[in-house]
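Structure first, then comments.
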Amino acid sequence: MSTFTRLVSVACKRTVLKNGRNASNRVRNLYLLKNGGALNQVRFQHTDAEKTEDYHSIIKNTEKPLGESTKHEFQAETRMLLDIVARSLYSEKEVFIRELISNASDALEKFRYISMSESEGDKINRPLEIHISTDKNARIFTIQDTGIGMTRDELVQNLGIIAKSGSKAFIEQIKQQQTGAENIIGQFGVGFYSAFMVADKVEVYTRSSLDDHGWKWTSDGTGSYEIQPAEGVSFGTKIVLHLKGDSREFADDETIKNIITKYSNFVGSPIYLNGKKANIVQPLWLKDPKSVTKQEHMEFYKFISGSYDLPRYTLHYKTDVPLSIAALLYFPEGKPGLFEMSRETESGVALYTKKVLIKNRTDNILPKWLRFVKGVVDSEDIPLNLSRELLQNSNLIRKLRDVLTGRVTKFLLDQLKKDQGEYEKFYQDYGIFIKEGIITNHNQTEKEDAAKLLLFESSRLEAGKKITLTDYIKGATESRTILYLAAPSRTLAESSPYFESLKNKPQEVLFCYEPYDELVLMQLQQFQGYRLISVEKDMRDDKAASDLTNLGEDSLKRSEINELSNWLKEKLVGKVASVNATTRLENHPCVVTVEEMAAARHFIRTQSHGLPEDRRYAILQPQLEINPKHPIIKKLYKLRSGDPELAELLANQLFANSMVGAGLVEDPRVLLTSMNDLLSKALEKH
Ligand code: FE6
């Protein structure tokens, strides 16, 4: 049973036993889960919580101050630090709860650690717990832990030390919003100051096992604090906040419950709110990856994605180098919707440090194109109170992102190797994100990393079989190029004049069937030192193919070609930029090439609407490549003197056909008028 089900079923046990409707309760729990508040709504079933057997609280009014109280002034540095934390470090007040819970959790972990090293006999056995209570009428928020507590010295020092050791540097860094503030703001205790965001008076009762009694500390957070011995103080620390009028919401049980679920759901010790268990203790991502069941992943995925979708792939890994990271990332089973497609969509990954939430939907810990990945990243190296600026722009976050991106790419490649069929389904649904990643990235290494994930059909393989760029270069010749050809389908690719132009070149060609594919490869420019070249470009740049010294019997002669070329240039003025003969064609009379075919086609698809024809040609600068062996071309040569009118119609038609063949005509209907004129003329004499 997963931690989640366990929790829900514990919470529901009484009800289930009473009415015996186990199945319907499951359905209800799932419904509640969908609405984001299962844990919290289940609680409605116990309005009389205090009377039920699972009520448990340690917060009691047993503390009594004793003897003399001493008054202390805050040091200047402490006061400055307190001011910054209480006034401007956080944009939301509610985070004071996360900070106090985090301190309590640290105090419990320290106690756990110390008692572990003690011999059996001396072991102090006490439950390690965090308790929170709220009192709406008195406007009081209380948090108590059973952790190591503080001695008098520590009580005085824990505030002072931070201030002394780092506040000047800290303040400087905050002012300049530099990276590096990570060191200081992550320290134990600074978060305590955040209590003064919401409280105008704070009481702290604390007792360390080194002391035979406890201490009371109070302050209004302005200039001074008082310390007094106290009796009736439990081991650990209790902090009582007298809330300001505008912070009365934090004395509301429901509000606090939601904040705990949001930030501290996976803290390592149980949190009780007004006597009721309020968190899930075991965070899945810190467990041994091998021990987590599929069922647990499914439920956790539902929790974080707030959906009924399932994980398609699960990447769960831990590492300590170069950063300490525990990551649990899911790739959705469902196809992306318009929402996921939008570049505005936030990341689906939450950032934690030691089980405490830093930020849900943290941008920048994965590149934008991986925004469909959902899950959790927990890194001990990231300080809790990472400011907004630091989250956006710090070396630490950048490093984290690099490590994670590398790991995600490697993971997907492993999936490809493991089961190409499954990967192809994933690629079908999410390949568009990978392509976006290549097009939008400016860093060549990152581009090439994403490009490893691309798949293409190839001229060497049968239809339907796909390979990666890495596979391609393994079988590549010494030319150090990768050839690709864009066409709407396999059939059109193989019958294309451009493909034909490779007949004497045995090099493998990748086929791009999606309009984006060729743009992606054009943008990529090179992969592992291999230049990416479209077949059209290869043809246009091929000087050897226009060498007309050895033309053979069935071809127009060199002088005839020159004559025809000049005539064509004249008749097609304003359309073609140049005319060239090529030996690379066989069954096609001519083709058109442009400098960057992918960009040209993209231009025609997206920006050419309503543009006059002559403007299009001026931008595209088409080059007409004629096949001097082709019957139509040879006929045209003769027709120029025999029937100049028909010859001109034919020339125009050949050019128009070539533009269609190049994929540079949006709507082939534009051909029909000139085609019919040509046919009428050709049939006149019959
Ligand atoms: C932060 C209050 C000074 C422990 N437990 C808890 N909080 C702790 C410590 N802090 N430092 C140690 C802190 C306060 C004052 C420091 Br006054 F919460 N819960 Cl052991």
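No experiment lies behind these values; they were computed from the predicted model shown. Values reported hereafter were calculated over all heavy atoms of this structure, with side chains retained and with hydrogens, waters and symmetry mates removed. For ligands, and for the atoms within them, numbers begin at 1 and follow the listed sequence.
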- prompt: Is the backbone of F250 close enough, under 3.5 Å, to the side chain of T255 for a donor and an acceptor to pair up by distance?
  reply: no
query: What are the atoms of ligand 1, with element, lying closer than 4.0 Å to any heavy atom of L155?
result: 17 (Br)
Charged N-O contact under 4.0 Å between D363 and R371: no
task: Using a strict cut-off of less than 4.0 Å between a Lys/Arg side-chain nitrogen and an Asp/Glu carboxylate oxygen, indicate whether E94 and K262 qualify as a salt bridge.
output: yes
message: Tell me whether the count of non-hydrogen atoms from other residues, nucleotides or ligands lying under 6.0 Å of NZ in K374 goes above 12.
response: yes
Where ligand 1 meets N103 - atom numbers and elements under 4.0 angstrom, heavy-atom basis: 1 (C), 7 (N)
task: Indicate yes or no: does K93 engage D246 in a salt bridge with an N to O separation below 4.0 Å.
output: yes
- prompt: Would one find more than 12 heavy atoms of other residues, nucleotides or ligands at under 6.0 Å from atom CD of E380?
  reply: no
query: Any idea which atoms of ligand 1 are less than 4.0 Å away from a heavy-atom of I148?
result: 20 (Cl)
- prompt: Applying a strict 4.0 Å limit to heavy atoms, is G149 in contact with ligand 1?
  reply: yes
message: Once you restrict to heavy atoms under 4.0 Å, what part of M150 touches ligand 1? Side chain, backbone, both or neither.
response: side chain
query: Based purely on interatomic distance, does D145 place a nitrogen or oxygen under 3.5 Å from a nitrogen or oxygen of ligand 1?
result: yes
Atoms in ligand 1 with a heavy atom of I239 nearer than 4.0 Å: 18 (F)
message: Is it true that, when you exclude R87 itself, more than 12 heavy atoms of the residues, nucleotides or ligands shown sit nearer than 6.0 Å to its CZ?
response: no
- prompt: What atoms in ligand 1 come closer than 4.0 Å to a heavy atom of A107?
  reply: 4 (C), 5 (N), 20 (Cl)
- prompt: If you measure from each non-hydrogen atom of L100 to ligand 1, which part falls under 4.0 Å: side chain, backbone, both or neither?
  reply: neither
